[in-house]
Amino acid sequence: MALKHFLTLLLTTTPLASAWGTLGHDTVAYIAQNFVTSATKSWAQGILDDNSSSYLASVATWADTYRYTAAGKFSAPYHFIDAEDNPPTSCGVDYTRDCGESGCVVSAIQNYTSRVVDDSLSTTERQMALKWIIHFIGDIHQPLHDEALDVGGNTIDVTFEGTDTNLHHIWDSNIPEKLIGGYSLTLASSWAKTLTAEIKTGDYKSEASGWLDGISLDDPVTTSMSWATEANAYVCSTVLKGGVSAVSGKELDGSYYTAAIPVVELQIARAGYRLAAWLNLIATGKTGLKVAERRRSVRPIQPVRVELQDWARPLSAARLARLAHGYDCGHEH
Ligand SMILES: *[C@@H]1O[C@H](CO)[C@@H](O)[C@H](O)[C@H]1NC(C)=O
Ligand SMILES: *[C@@H]1O[C@H](CO)[C@@H](O)[C@H](O)[C@H]1NC(C)=O
Ligand SMILES: [Zn+2]
């Protein structure tokens, strides 16, 4: 095939992505691969039907492609939770208030954790459930995926290195990509290696076991709400520290970028480590990452019934804005 045609094909087939972009999601998956037990690895490779060295990473952005298909449209709200808090004055996530009538990232983590072990489902359904878990544990760690204000920053126009974009998108993609220099699978794998070393022997070593505090397969909602609350707090402390007016219409590749880097690195590291722990819990009954941890039980985990809330209440301004904007972020990688 002529190079020109190949490039055209490549460009037109690049999947639309949102939430952490391709780089973020692939890195989270590679970090998790570095921390899963060998039993978990076999389990995941079996479900995904992939024995390659990128078995989690190569499906980490599938959910962002699927959400733009007719069949997958229903899953678009699962990529975030619209916290209707008041940054930068006060941050906070409330499951009852913020998980919409169509579901959110927290209900989705619960649902797909339940479904991935449900033997009554088809292989394809369980495979999709696992791909969603890999993706959503990444998404929930991106602060603007836990924020309703201005549709998670999607309607706050900014520039980054001279390019017109929006606040949501720079946290998904521009900031991590500037730091790492691109978004290929190879770059993700090498960033994951760096962050894995930070967890094992470096800056994160002393805090990493604390990242698993409260993690419980019996209560995926409480567990993932604590991750959402922690990420959402960065909206007040870092993302919108000076309010919307401090970023709107501004070029953010300078001091804003510098302040964002430690948060981006930490959140990617936490997401990867927690994804490994969560998959270890599902496959083996223990996180495999805590010292002196007892196996939770010998019985395999049971699927639970997931219920959405009763939404007989008027739609808030934030929810109307989300509906008007659509559920997409609409940007490549
Ligand atoms: C992966 O390896 C397992 C164990 O060796 C094997 O049973 C399985 O068929 C392999 N799967 C693929 C897709 O190659
Ligand atoms: C759980 O996932 C299935 C399959 O994607 C979906 O049809 C169902 O609506 C989900 N349930 C909830 C409560 O999100
Ligand atoms: Zn997503």
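Note that the coordinates shown come from a computational prediction; the quantities given were computed from them, not determined experimentally. Counting convention: from 1, in listed order, for ligands and their atoms alike.
- Residue-to-ligand polar distances keep Ser107 apart from ligand 2: every N/O pair is separated by 3.5 Å or more.
- Judged by distance alone, with hydrogens and angles left aside, the side-chain atoms of Thr27 form a donor-acceptor pair with the main-chain N or O of Leu23 at under 3.5 Å.
- With atom 9 (O) of ligand 2 as the reference point, the heavy atom nearest to it among Phe74, Trp132, Tyr78 is part of Tyr78.
- Set against the non-hydrogen atoms of Tyr112, the atoms of ligand 2 under 4.0 Å away are 2 (O), 3 (C), 4 (C), 5 (O).
- The aromatic rings of His25 and His135 lie parallel to each other, their planes meeting at an angle below 30°, with 60° marking the opposite boundary.
- Looking at every heavy atom in both residues, Tyr257 comes nearest to Ile175 through CE1-O, 3.6 Å.
- Using a cut-off of 4.0 Å between Lys/Arg side-chain N and Asp/Glu carboxylate O, Glu230 and Arg270 are scored as salt-bridged.
- If you look at Asn51 next to ligand 1, the close heavy atoms, those under 4.0 Å, all belong to the side chain.
- At a 4.0 Å heavy-atom cut-off, ligand 2 does not touch Met128 at all.
- At least one N, O or S atom of His135 sits under 2.8 Å from the Zn ion (ligand 3).
- Backbone or side-chain N, O or S atoms of His79 reach the Zn ion (ligand 3) at under 2.8 Å.
- In the model, Ser316 has a side-chain atom that pairs as donor or acceptor with a side-chain atom of Glu84 under 3.5 Å.
- Under a cutoff of 6.0 Å and an axis angle of 45°, Arg322 and Phe80 form a cation-pi pair.
- In this structure, atom 13 (C) of ligand 1 lies nearest to the protein heavy atom Asp49 OD1, 3.1 Å.
- In this structure, atom 8 (C) of ligand 2 lies nearest to the protein heavy atom Asn111 ND2, 3.8 Å.
- For His145 and His79, the distance between ring centers is not under 6.0 angstrom.
- Note that atom 2 (O) of ligand 1 has protein non-hydrogen atoms nearby, at separations under 4.0 angstrom.
- In this pair, Phe136 and Tyr112 present their aromatic rings tilted. The plane angle is within the 30 to 60° band.
- In this structure, atom 5 (O) of ligand 2 is in close contact with the protein, since a protein heavy atom lies within 4.0 Å of it.
- Taking the N/O/S atoms of Asp139 in turn, the shortest distance to the Zn ion (ligand 3) belongs to OD2.
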